[in-house]
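Comments concern the structure below.
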Amino acid sequence: WKQAIKGTNVVESTVLELQRIASDLLKLDKAAEDIRERLKDLPSGESCLFPGLPAEGRRQVHFVAAELGYPSRSVDGAEGRKVLVTNRGVGNESRPEEINVFSEVAATLKAEASDFIKMGVPLPLLL
């Protein structure tokens, strides 16, 4: 809390921290995008296997699968742990739309906070 980016107030610093947390939670990086691409067109009733991933990679697969509404589970194999993701839906139309919830929340918080700042924030609350 006490460590804020110089030149920002509490609200801006909090919004930046929320965006960082969202990025960490959703792992919006190349690996997650590759996983998402492999899974987004997975036919109904089919499964996709992700072998040879380290623990962090398996965790990313579970996160992306959950985001797309697919069940996933880790399985032991001859070459180590693997992640099996299955589309149990009726078809692609049954899958929930991808929504970047954290970005929407951060944008809403920033807008509401800006409105409050315009009304006047007591000096002790500013950094």
Side-chain angles (χ1 to χ4, degrees):
W1 245 163
K2 295 291 181 185
Q3 295 179 349
I5 298 171
K6 189 174 181 172
T8 62
N9 60 36
V10 172
V11 174
E12 289 172 345
S13 180
T14 301
V15 168
L16 290 172
E17 183 64 12
L18 286 172
Q19 289 172 335
R20 185 195 64 79
I21 290 169
S23 177
D24 287 349
L25 288 175
L26 295 177
K27 292 296 183 188
L28 300 174
D29 61 7
K30 178 73 171 119
E33 288 303 316
D34 292 344
I35 295 165
R36 194 172 287 107
E37 282 300 312
R38 281 185 66 186
L39 292 178
K40 76 176 188 175
D41 294 323
L42 186 63
S44 180
E46 296 291 320
S47 296
C48 185
L49 189 64
F50 292 86
L53 296 174
E56 179 62 24
R58 292 192 306 273
R59 189 169 75 99
Q60 283 184 324
V61 172
H62 289 297
F63 277 139
V64 173
E67 175 185 317
L68 295 173
Y70 296 153
S72 62
R73 63 186 174 105
S74 291
V75 293
D76 290 320
E79 297 96 30
R81 294 192 56 83
K82 305 170 185 178
V83 179
L84 181 67
V85 180
T86 305
N87 177 357
R88 293 191 179 153
V90 177
N92 287 340
E93 68 280 352
S94 68
R95 186 169 51 221
E97 302 239 349
E98 294 181 45
I99 300 173
N100 192 343
V101 175
F102 293 106
S103 292
E104 291 177 10
V105 169
T108 302
L109 284 174
K110 188 171 185 174
E112 289 179 3
S114 293
D115 291 342
F116 283 116
I117 290 171
K118 288 175 187 172
M119 290 189 291
V121 177
L123 189 56
L125 294 179
L126 294 176
L127 292 180

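What you are looking at is a predicted structure, and each value in this text was computed from that prediction instead of being measured.
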### Query
If two hydrophobic side chains count as joined below 4.5 Å and joins carry through other members, does I35 share a cluster with L84?
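I35 does not cluster with L84.
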### Message
Taking the side chain as everything from C-beta on, heavy atoms only, tell me whether P51 gets closer than 4.5 Å to E79.
### Response
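P51 does not reach E79 side chain to side chain.
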#### Entry: R59 and F63, any side-chain heavy atoms less than 4.5 Å apart
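Contact flag for F63/R59 side chains = yes.
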Would you give the length of the straight line joining atom [atom1] of [X] to atom [atom2] of [Y], rounded to the nearest 0.5 angstrom?
X: Q60; Y: E67; atom1: CD; atom2: CD; value: 11.5 Å
X: L53; Y: K82; atom1: CG; atom2: NZ; value: 11.0 Å
X: N87; Y: K40; atom1: CG; atom2: NZ; value: 14.5 Å

#### Entry: Partners passing side-chain contact (heavy atoms from CB on, under 4.5 Å) against S74 (at least two apart in sequence or in another chain)
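Here the qualifying residues are R58, H62, R81, V83.
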List the atom of [X], the atom of [Y], and the distance in Å for their closest heavy-atom pair.
X: V85; Y: S72; value: CG2-CB, 3.8 Å
X: C48; Y: L42; value: CB-CD1, 4.1 Å
X: T86; Y: S47; value: OG1-OG, 2.8 Å

#### Entry: Verdict with supporting geometry, V64 and F50, side chain to side chain contact (heavy atoms under 4.5 Å, CB included)
CA-CA 12 Å; V64 173; F50 292 86; over 6 Å; no
